[in-house]
Student: 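Pasting a structure here, questions to come.
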Amino acid sequence: MSLAMAVTAAAAASMVAVSPAVSPPCPAAMVHATFASASQARDHKAVTYDTKLVPLSAKVVVVEFLGKPRHYEHEHEHGHEYEHGHDHDHQHMGGAARSTPTQSPSPQSPSPQGTQSPQGKGQGTFVGVWVRGVKAHHTFGVHVHTKPCGTMPDDSGPHYQNTKDPKQPSVNPKYANPRNEVWLDLTTNGHGEGYAKTHVDWRFRDSEARSVVIHEHATATGKGHAGMAGTRVACVKVPFKG
């Protein structure tokens, strides 16, 4: 089974309590690619800007599903953490060190002012990312961005936000947080493999989420630094659905 097929099956298993009577959902968007040099951004789905952290031979898979994953709901209700061995997907991906748990609404979520994605439409969005062959034992910050990858790291634009921060670049925790953005920070194992997933309670606006960007270190959360994760070391073009 190819890497793309394996991780898609694993992600689908996270979306539903699979039984003979329930068919796993189909991905709304899926990208499986090998990283190319930044100069080839026009013709390749994934590019690297730092070959020490993300070599040209490294591979990536990004999957998007629409809806609310029942598996997440079950785990959340029972207070389990995916890092403790309850995550079926980790078994498929060689035990990556960190996976991003589902994000639940909280009183700290952004206020309804500004531009928002459709709410309550199919109960949100699930996004998963897998990497192989990148720097081992390293934590990367990973986020969904608004523009496609280009030859320069900044070509992918800012983070996608459900409620847009009127002040850009956005470093206010009220807006730059994993409930209002898609954060997929991951830590690789000794083989340079890593995996993360998350679920948000909203959908992307049409054509406004265009890429997944891998940053050099974990995402900061403090005031004035929220959402920052260092330089952009790689990028993947993803046709996210709304």
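Note that these values count all heavy atoms, side chains included, but never hydrogens, waters or copies made by symmetry.
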Student: Would you mind telling me which of Lys241, Lys164, Lys147 makes a salt bridge (Lys or Arg N to Asp or Glu O under 4.0 Å) with Glu208?
Tutor: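 The option that passes is Lys164.
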Student: When rounded to the nearest 0.5 angstrom, what is the spacing between CZ in Arg205 and CD in Gln161?
Tutor: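 Interatomic distance, Arg205 CZ to Gln161 CD, rounded to 0.5 Å: 8.5 Å.
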Student: Working note: Phe140 + Leu53, criterion side chain to side chain contact (heavy atoms under 4.5 Å, CB included); need CA distance, chi angles, decisive distance, verdict.
Tutor: CA-CA 9 Å; Phe140 294 91; Leu53 292 178; 4.0 Å; yes
Student: Considering all heavy atoms of both residues, which atom of Val31 and which atom of Val236 are nearest to each other, and what is their separation?
Tutor: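 Heavy atoms of Val31 and Val236 come nearest at CG1-CG1, 3.8 Å.
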Student: How far apart are the closest heavy atoms of Ala46 and Ala33, and which atoms are they?
Tutor: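 Residues Ala46 and Ala33, closest heavy atoms: CB-CB, 3.9 Å.
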Student: Do Leu66 and Glu64 have side chains that get closer than 4.5 Å, going by heavy atoms?
Tutor: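 With C-beta onward as the side chain, the pair touches.
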Student: Given 3.5 Å as the limit, does a donor-acceptor pair link the side chain of Thr188 with the main chain of Lys135, or not?
Tutor: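 Side chain of Thr188 to backbone of Lys135: a pair is present.
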Student: Side-chain contact, heavy-atom cut-off 4.5 Å: Val131 with Leu186?
Tutor: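 Heavy-atom side-chain distance check passes, below 4.5 Å.
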Student: Between Val54 and Ala58, which heavy-atom pair has the shortest distance, and what is it?
Tutor: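 Minimum heavy-atom contact is CG1-CB, 4.2 Å.
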Student: With side chains defined as the heavy atoms from C-beta onward, is the minimum distance between Leu184 and Val127 less than 4.5 Å?
Tutor: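 Result yes, sub-4.5 Å side-chain heavy-atom pair found.
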Student: Give me the ring orientation class for His159 and His145: parallel if the planes are under 30° apart, tilted from 30 to 60°, perpendicular past 60°.
Tutor: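 Perpendicular: the ring planes of His159 and His145 meet at over 60°.
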Student: Is the shortest side-chain heavy-atom distance between Phe35 and Thr51 below 4.5 Å?
Tutor: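 They are not in contact (no side-chain heavy atoms under 4.5 Å apart), so the answer is no.
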Student: For Phe240, enumerate each residue passing the ring pair (Phe, Tyr, Trp, His ring centres under 6.0 Å) test, keeping only those at least two apart in sequence or located in another chain.
Tutor: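 Per chain and number, Phe240 pairs via ring pair (Phe, Tyr, Trp, His ring centres under 6.0 Å) with Phe204.
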Student: Below 4.5 Å, heavy atoms only, C-beta onward: do Thr221 and Trp183 meet side chain to side chain?
Tutor: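 Yes, close enough: below the 4.5 Å cut-off.
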Student: Is the side chain of His138 donor-acceptor paired with the backbone N or O of Glu216 at a distance under 3.5 Å, no angle test?
Tutor: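 The answer is yes, because a donor-acceptor pair under 3.5 Å joins these two groups.
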Student: Can you name the closest pair of heavy atoms from Thr34 and Leu56 and give their distance?
Tutor: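 Closest approach of Thr34 to Leu56, heavy atoms only: CG2-O, 3.4 Å.
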Student: Would you call Arg232 and Asp154 a side-chain contact if the rule is heavy atoms closer than 4.5 Å?
Tutor: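 They are in side-chain contact.
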Student: Is the count of non-hydrogen atoms from other residues, nucleotides or ligands lying under 6.0 Å from Lys237 atom NZ greater than 12?
Tutor: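 Count over threshold, so yes.
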Student: Would you mind reporting whether Lys167 and Asn172 have side-chain heavy atoms less than 4.5 Å apart?
Tutor: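 Side chain of Asn172 against side chain of Lys167, heavy atoms only: no contact under 4.5 Å found.
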Student: For the residue pair Ala229 and Gly141, what are the closest heavy atoms and their distance?
Tutor: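 Looking at all heavy atoms of both residues, the closest pair is CB-CA, 4.1 Å.
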Student: Output yes when a side-chain donor or acceptor of Trp202 lies under 3.5 Å from a complementary backbone atom of Arg179, and no otherwise.
Tutor: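 Side chain of Trp202 to backbone of Arg179, a donor-acceptor pair under 3.5 Å: yes, one is there.
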Student: Check whether Val134 and Val47 end up in the same hydrophobic cluster, where Ile, Leu, Val, Met, Phe, Trp and Tyr are linked by side-chain heavy atoms less than 4.5 Å apart.
Tutor: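 As far as the 4.5 Å side-chain criterion goes, Val47 and Val134 are not connected within one cluster.
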Student: Can you name the one residue among Thr198, Thr139, Thr219 that meets side chain to side chain donor-acceptor pair (under 3.5 Å) with Asp185?
Tutor: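 Answer after filtering Thr198, Thr139, Thr219: Thr219.
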Student: Between His143 and Val213, is there a side-chain heavy-atom distance shorter than 4.5 Å?
Tutor: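 Side-chain contact under 4.5 Å: no.
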Student: Could you tell me which non-hydrogen atom of Pro239 sits nearest to which non-hydrogen atom of Ala29, and how far apart they are?
Tutor: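 Distance-wise, the nearest heavy atoms are O-CB, 3.5 Å.
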